[in-house]
Amino acid sequence: LGRVSVWSLNRDKSCGANYVTLERVSDACSGIDQGTATFAGALGAGIGGLTAPAGDTTATATAESVDPDDTDDPKTSPYPVWSEDDAAYSAGVKVVWHGNVYVAKWWTQGKPEPDDPTLTADQSAWTLVGPVLDTDPPYSLPTLAPGTYPDWSAVTVYQAGDRVLYDGTAFEARWANQAVSPSAGITDHDYATWRMLDSGE
C-alpha cells in the first residue's frame, strides 16, 4: 500500500464552484467535495518517509472533456459561446460554455475558462447562472432594416459618432478608426471601438 499510485496528485482537490458538469472529467480536480482533506494525506498517513501535503494544493492543469466532440452550438445557444480568441466580455455579459450559462463579474478577456475547476468563486471572473435549458431561445442580435445606416466597410475611415450596419446590427463608432470590425462591441461594452446600438436608438 505504500506504493499506491492510482490517484492523480494534480486532481487531489475539490472542483471550483463554477465547475458543475462533473460528468466532464477534469485533470485538475476530483469531482467530489473533499473539503480540506486530500487523498494523498489519507493514503500517506503513517507511512515512513512520506509527508502529507499541508492544506489545499492548487492545481495548474486545465479541464479536459471526456468527449472532445461535445461542444456548444452558437446557432442554438441562448447567449454567445465563450471564446478565448481575442473576445472580451464586460461585466453583466452572459455566455454559454459546456452547456451552462455564466455571467461576467468584471471585464475579462481570454483564459481561464468560465468553468475552470482550479478557481474558487471569488477568483473566477464568471458566476454560474445555471444550465442551458431546452426551452431557451437561440441568441440573436437586434437588427434594423437594410439601408438604415451604411453597411460597414473595411476600407472606409470612420469618425466618432458614425453609425453602420454590420450583419444587420447597428453600431456607433466611439473614435476614429479603419478596418476595425464592429463585432467586438457585441460582448465588450467598455473598450471596443464600436458600440452596439439597441434597436430603439
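Because the structure is predicted, anything quoted here is derived from the model rather than measured.
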Q: Do you know the tightest heavy-atom contact between Lys105 and Ala91?
A: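 Nearest pair, atom of Lys105 first, then Ala91: O-CB, 3.6 Å.
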
Q: Under 3.5 Å, sequence neighbours excluded: what are the donor-acceptor pairs made by side chains of residues 145-155?
A:
from	atom 1	to	atom 2	distance (Å)
Thr148	OG1	Ala145	O	2.6
Tyr149	OH	Arg163	NH1	2.9
Trp152	NE1	Val180	O	3.4
Ser153	OG	Val155	N	3.3

Q: If only atom types and distance count, is the side chain of Asp72 paired as donor or acceptor with the main-chain N or O of His98 below 3.5 Å?
A: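 Answer holds: yes.
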
Q: What's the shortest heavy-atom distance between Thr187 and Ala88, and which atoms?
A: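 That closest heavy-atom pairing would be OG1-O, 2.6 Å.
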
Q: How far apart are the closest heavy atoms of Ala170 and Leu144, and which atoms are they?
A: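 What the structure gives for the nearest pair is CB-CD1, 3.6 Å.
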
Q: Just verifying a value: how many Å separate Leu141 CG and Asp167 CG, rounded to the nearest 0.5 Å?
A: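 Going from CG on Leu141 over to CG on Asp167, the span is 8.5 Å.
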
Q: With Tyr139, which residues qualify under side-chain hydrogen bond (donor to acceptor under 3.5 Å, both in side chains), at least two apart?
A: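 Partners of Tyr139 under the side-chain hydrogen bond (donor to acceptor under 3.5 Å, both in side chains) test: none.
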
Q: Might you point out which heavy atoms bring Pro142 and Thr169 nearest each other, and give the distance in Å?
A: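 That closest heavy-atom pairing would be O-OG1, 2.9 Å.
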
Q: Is Val103 reachable from Trp97 through a run of hydrophobic residues whose side-chain heavy atoms are each under 4.5 Å from the next?
A: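 Cluster IDs for Trp97 and Val103 differ.
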
Q: Asp162: what forms a side-chain hydrogen bond (donor to acceptor under 3.5 Å, both in side chains) with it, not counting sequence neighbours?
A: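 Partners of Asp162 under the side-chain hydrogen bond (donor to acceptor under 3.5 Å, both in side chains) test: none.
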
Q: At their closest point, which heavy atom of Trp194 faces which heavy atom of Arg174, and how far apart are they?
A: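 So the two residues come closest at O-NH1, 3.8 Å.
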
Q: Of all heavy-atom pairs between Gln109 and Ala87, which one has the smallest distance, and what is that distance?
A: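 Looks like CG-O, 3.2 Å.
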
Q: What pairs meet the ring pair (Phe, Tyr, Trp, His ring centres under 6.0 Å) rule with one or both residues in residues 170-193, with sequence neighbours excluded?
A: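 Found Trp107-Tyr191.
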
Q: Taking only distance into account, with no hydrogens and no angle test, what donor-acceptor pairs under 3.5 Å do side-chain atoms of residues 119-133 form with protein atoms, sequence neighbours excluded?
A:
from	atom 1	to	atom 2	distance (Å)
Thr120	OG1	Asp122	OD1	2.4
Thr120	OG1	Gln123	OE1	3.2
Gln123	OE1	Thr120	N	2.9
Ser124	OG	Asn18	ND2	3.1
Ser124	OG	Trp126	N	3.1
Ser124	OG	Trp126	O	3.3

Q: If you look only at distance, which donor and acceptor atoms sit under 3.5 Å apart when one is on a side chain in residues 77-86 and the other is two or more places apart or in another chain?
A:
from	atom 1	to	atom 2	distance (Å)
Ser77	OG	Asp73	O	2.8
Ser83	OG	Asp85	N	3.1

Q: Thr156: what forms a side-chain hydrogen bond (donor to acceptor under 3.5 Å, both in side chains) with it, not counting sequence neighbours?
A: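 Here no residue qualifies.
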
Q: Calculate, to the nearest 0.5 Å, the distance between atoms CD1 and OG belonging to Ile186 and Ser90 respectively.
A: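 The OG atom of Ser90 is 12.5 Å from CD1 of Ile186, to the nearest 0.5 Å.
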
